[in-house]
K.L.:
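I have a structure here, written as C-alpha cells, and I will follow up with some questions on it.
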Amino acid sequence: MFEFDITANDDSGARCGRFHTPHGILETPVFAPVGTAATVKALQPRDLRELGASLVLSNTYHLYLRPGDTLVRDLGGLHQFMQWDGPLLTDSGGFQVFSLSQTRKIDQDGVTFRSHIDGSAHRFTPESSIAIQENLGADIIMAFDECPPPNDYDYVKQSLTRTHPWLERCQAAKQRSDQALFGIVQGGIFRDLREESAAFMAPLDLPGYAIGGLAVGESKAEMYRVLEWLQPVLPRHKPRYLMGVGAPEDLVNAVLRGIDIFDCVLPTRLARHGTALVRGGKLNLRNRQFERDERPLSEDSPIAQYSRAYLRHLVKANEILAHVLLSLHNVGFLLDLMTEMRQAIRDNRLRAFAADFLVEYPEPQEQE
RNA sequence: GCGGGUGUAGCGUAGCGGUUAACGCGUCUGGUUGUGGCCCAGAAGACCGUGGGUUCGAAUCCCACCACUCGCC
C-alpha cells in the first residue's frame with residue numbers, strides 16, 4: 001500500500017505516477033477538489049466522478065467542530081458518511097486554526113483556539129489531530145503543522161522548531177496502517193529554511209511530502225522559486241503535494257517543477273462568486289458584457305448547453321443553480337487541465353504544452 | 001370636502017439657513033489559492049416634486065400648485 005510508481009518522466013522534471021491507496025489508485029499529477037464539510041460544495045460524488053475527479057480533500061478542523069469526528073467514525077467513517085468511495089485526504093486542521101480562528105495561542109505542545117462557529121475553546125496537538133484524522137478515516141492524512149507568514153525570517157525559523165517535532169509526534173501517535181501520513185515542508189520564502197525543513201523530513205521515509213505555507217500572500221515568482229529549490233532535495237520516489245494551490249497557471253508551473261498533487265478551493269469558491277475559469281483567464285459573469293451572450297463558457301464545458309447570458313442571470317439572481325453549474329464547469333476545467341498535462345508528460349512535451357497554455361496568462365511579477 | 005403627514009440617486013433613508021448634498025441596498029468594474037454562499041477595493045448615478053417668494057446665501061424658511069399617505073366626514 002501507498003507505493004508511488006513513476007510511470008513517465010518529462011524533460012522538464014515533471015512526472016506521471018500512480019499512488020496506491022486503499023480506495024484506488026491516483027494517477028498523478030492530480031488535482032483534488034476541496035470538500036470542507038464532507039461535501040464539495042454544490043456537487044454530488046456522482047458529479048465528481050463524471051468530471052473525472054479521483055481525490056477529494058476534506059477538513060479536519062471543520063469536521064471536528066461539526067458534526068464531530070467521533071460521530072463520523074460511528075457512522076462508518078468519512079467515505080461512508082459522504083458516499084465518496086474514492087481516495088480521500090484530510091488536512092490536519094493546522095491551517096484553519098491559523099486562518100479562521102480569531103484568538104489562538106501557540107506553544108511548543110500545540111495550539112489553543114476558539115471555534116469560528118460558536119466561540120467555544122478547543123485545543124489541537126499533533127496527537128489530537130492524528131486521533132481526529134484516524135476517526136475520519138481518509139486515505140491520506142496530514143501532519144499537524146504551523147503555517148507562518150512567509151516573509152518573516154525569524155518567525156518562520158522559529159516556527160520550524162515546532163513544526164518539525166510535531167511531525168515526529170504525529171508519526172509516533174499514528175496507529176492505523178491504512179492511512180498514509182504526509183509531512184509538510186515549511187520555511188516561507190527562504191531557501192535555507194526550506195532546505196532545512198526538507199532535509200529534516202526526507203530521512204523520515206514518509207509516504208509523501210507536502211509543501212505548505214505557499215500561496216498565502218507571497219508573489220508567484222517567489223512561490224515558483226521555492227518549488228525549484230525543493231525539487232532536488234525532496235525524495236524523488238515519493239509524491240509531492242503542493243497545498244492550497246489551484247490557479248490554472250500555478251498548476252502548470254508547479255507540475256513543470258515536479259509537483260504531483262494539488263488541492264484548492266479556487267474552482268468552487270470562484271463558482272459561488274460568479275466567476276468561470278476559462279483558457280487564458282476567467283470570466284466574471286456579473287459583467288454586463290454577458291447580458292446577451294448566447295455562447296457557452298467553452299465548447300468542451302460540461303455545461304456547454306447553457307449560454308453565458310443564462311449563467312449571468314442565475315448569478316445575478318443568486319440562484320442555487322448558478323453555484324451548481326459553475327462548480328461543475330470550474331472543477332471540470334481544472335481536472336481536464338490535469339488530464340492534458342498527464343498526457344503531455346507521457347508524450348514528453350510538457351514544456352511545449354505549458355508554453356502554449358501560459359501564453360495568455362500574465363507573467364508572474366516579483367512583488368504583487 | 002376638511003385636517004395632518006411625506007415628497008432628496010433605481011429602492012429605502014440622512015441632512016432642516018452656510019464649502020463640492022451623505023449613508024445602506026441595488027447597478028458597474030477589479031480582487032479572491034490547505035473554503036464562512038462571504039468579504040475587500042474602486043466607479044457611475046440627484047434640475048433635493050413643480051412654480052414663485054424671503055435672504056448675501058435655500059434641499060432646508062414662506063406661499064401656491066401637484067402627487068402620495070393617514071384620519072375625519
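Just so it is clear, the structure is predicted and the values come from calculations on it, not from any experiment. Protein chains get the first letters and strands the later ones, always in sequence-line order, with residue 1 at the start of each.
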K.L.:
Closer than 4.0 Å, any side-chain N/O of R269(A) to the OP1 or OP2 of rU33(B)?
P.N.:
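Yes, within the criterion.
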K.L.:
Nearest to the side chain of K282(A), which nucleotide is it out of rG34(B), rU33(B), rU32(B)?
P.N.:
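The listed nucleotide nearest to K282(A)'s side chain is rU32(B).
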K.L.:
Do T339(A) and Q343(A) have side-chain N/O donor and acceptor atoms under 3.5 Å apart?
P.N.:
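Result is no, nothing qualifies.
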K.L.:
Measure from the side chain of D250(A), starting at C-beta and using heavy atoms only, and say which of rG34(B), rU32(B), rU33(B) lies closest.
P.N.:
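Among rG34(B), rU32(B), rU33(B), the one nearest the side chain of D250(A) is rU33(B).
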K.L.:
If I take atom CD1 in residue I132(A) and atom P in nucleotide rG34(B), what distance separates them, rounded to the nearest angstrom?
P.N.:
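From I132(A) CD1 to rG34(B) P: 20 Å.
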K.L.:
Under 4.5 Å between any side-chain heavy atoms of T28(A) and Y241(A), yes or no?
P.N.:
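They are not in contact (no side-chain heavy atoms under 4.5 Å apart), so the answer is no.
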K.L.:
Side chain of A215(A): nearest nucleotide among rG34(B), rG37(B), rU33(B)?
P.N.:
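Selected nucleotide (nearest to the side chain): rU33(B).
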K.L.:
Between I320(A) and V216(A), name the one whose nearest nucleotide on RNA chain B is closer to the 5' end.
P.N.:
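This one resolves to V216(A).
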K.L.:
rG36(B), OP1 or OP2 - any side-chain N/O from H62(A) closer than 4.0 Å?
P.N.:
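Yes, within the criterion.
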K.L.:
Return the value, rounded to whole Å, for the distance between atom CG of N287(A) and atom C1' of rA43(B).
P.N.:
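Value for this atom pair: 13 Å.
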K.L.:
Quick one: label I117(A) by what it contacts on the DNA or RNA (base, sugar-phosphate, nothing), any heavy atom closer than 4.0 Å.
P.N.:
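Since no nucleic acid heavy atom lies under 4.0 Å of I117(A), the category is nothing.
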K.L.:
Once you round it to whole Å, what is the distance between C1' of rG37(B) and CG of L43(A)?
P.N.:
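In whole Å, rG37(B) C1' lies 14 Å from L43(A) CG.
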K.L.:
How does RNA chain B look in dot-bracket notation if pairs are Watson-Crick or G-U with both distances under 3.5 Å, crossing ones as [ ], other-strand ones as |?
P.N.:
((((((((.[[[[.)..(...]]]].(((((.......))))).....[[[[[..)....]]]]]))))))).
K.L.:
Determine whether a donor-acceptor pair (N or O, by modelled atom type, separation under 3.5 Å) exists between the side chain of S307(A) and the backbone of P296(A).
P.N.:
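No; judged by distance alone, with no hydrogens or angles, the pair does not exist.
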K.L.:
Could you tell me whether E319(A) contacts a base, only the sugar-phosphate backbone, or nothing, with contacts defined as non-hydrogen atoms closer than 4.0 Å?
P.N.:
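Touches nothing.
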K.L.:
I'd like to know if E50(A) pairs up with R46(A) as an ion pair, taking the criterion as any Lys NZ or Arg NE/NH1/NH2 lying under 4.0 Å from an Asp or Glu carboxylate oxygen.
P.N.:
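Salt bridge: no.
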K.L.:
Distance check needed: rU29(B) C1' versus E291(A) CD, whole Å only.
P.N.:
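Interatomic distance, CD of E291(A) to C1' of rU29(B): 15 Å.
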K.L.:
Could you check how far CG of N318(A) sits from P of rC38(B), rounded to whole Å?
P.N.:
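Atom CG in N318(A) sits about 6 Å away from atom P in rC38(B).
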K.L.:
Determine, step by step, whether Q179(A) and D139(A) satisfy the side chain to side chain contact (heavy atoms under 4.5 Å, CB included) criterion, reporting the C-alpha distance in whole Å, the side-chain angles of both residues, the deciding distance to 0.1 Å, and the verdict.
P.N.:
CA-CA 5 Å; Q179(A) 296 180 298; D139(A) 301 270; over 6 Å; no
K.L.:
Of the options rU33(B), rG30(B), rG34(B), whose atoms approach the side-chain atoms of V265(A) most closely?
P.N.:
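Shortest atom-to-atom distance from the side chain points to rG34(B).
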K.L.:
Answer with base, sugar-phosphate or nothing: what part of the nucleic acid does L89(A) contact at a heavy-atom distance below 4.0 Å?
P.N.:
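Nothing: the residue L89(A), judged by heavy atoms under 4.0 Å, touches no strand.
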K.L.:
Considering only atom C1', compute the distance from rU60(B) to rG53(B) and round it to an integer number of Å.
P.N.:
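After rounding to an integer number of Å, I get 15 Å for this pair.
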K.L.:
What does G213(A) touch in the nucleic acid at a heavy-atom separation under 4.0 angstrom: a base, only the sugar-phosphate, or nothing?
P.N.:
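It contacts base atoms.
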K.L.:
As a test of reading the structure: which of rG34(B), rG36(B), rU32(B) is closest to the side chain of D263(A), going by heavy atoms?
P.N.:
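Output: rG34(B).
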K.L.:
Report yes or no: is there a donor-acceptor pair, N or O only, under 3.5 Å between the side chain of E146(A) and the base of rG34(B)?
P.N.:
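By the distance-only test, no, there is no pair.
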K.L.:
Any side-chain N or O of N284(A) less than 4.0 Å from the OP1 or OP2 oxygen of rG31(B)?
P.N.:
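No, because none of the side-chain N or O atoms of N284(A) sits under 4.0 Å from OP1 or OP2 of rG31(B).
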K.L.:
Quick one: which of rG34(B), rU33(B), rU27(B) gets closest to the side chain of R288(A)?
P.N.:
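The answer is rU27(B), which lies nearest to the side chain.
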K.L.:
Verify whether one side chain among H62(A) and T60(A) offers a donor that lies under 3.5 Å from an acceptor in the other.
P.N.:
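Not at all, the side chains of H62(A) and T60(A) share no donor-acceptor pair under 3.5 Å.
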K.L.:
If I take atom CZ in residue F31(A) and atom P in nucleotide rU33(B), what distance separates them, rounded to the nearest angstrom?
P.N.:
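To the nearest whole Å, that distance equals 13 Å.
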K.L.:
Rounded to the nearest Å, what distance is computed from the CD atom of residue E249(A) to the P atom of nucleotide rU33(B)?
P.N.:
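Checked: the CD to P distance equals 12 Å.
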K.L.:
When you check the side-chain N and O atoms of D91(A) and Y61(A), is any donor under 3.5 Å from an acceptor?
P.N.:
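There is no such pair (donor and acceptor under 3.5 Å, judged by atom type) between the side chains of D91(A) and Y61(A).
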K.L.:
Both conditions, 6.0 Å and 45 degrees, for the charged tip of R18(A) above the ring of F4(A): are they met here?
P.N.:
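So R18(A) doesn't make the cation-pi contact.
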K.L.:
Please state how far atom CZ in F95(A) lies from atom P in rG36(B), giving the value in whole angstrom units.
P.N.:
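Computing the F95(A):CZ to rG36(B):P distance gives 9 Å.
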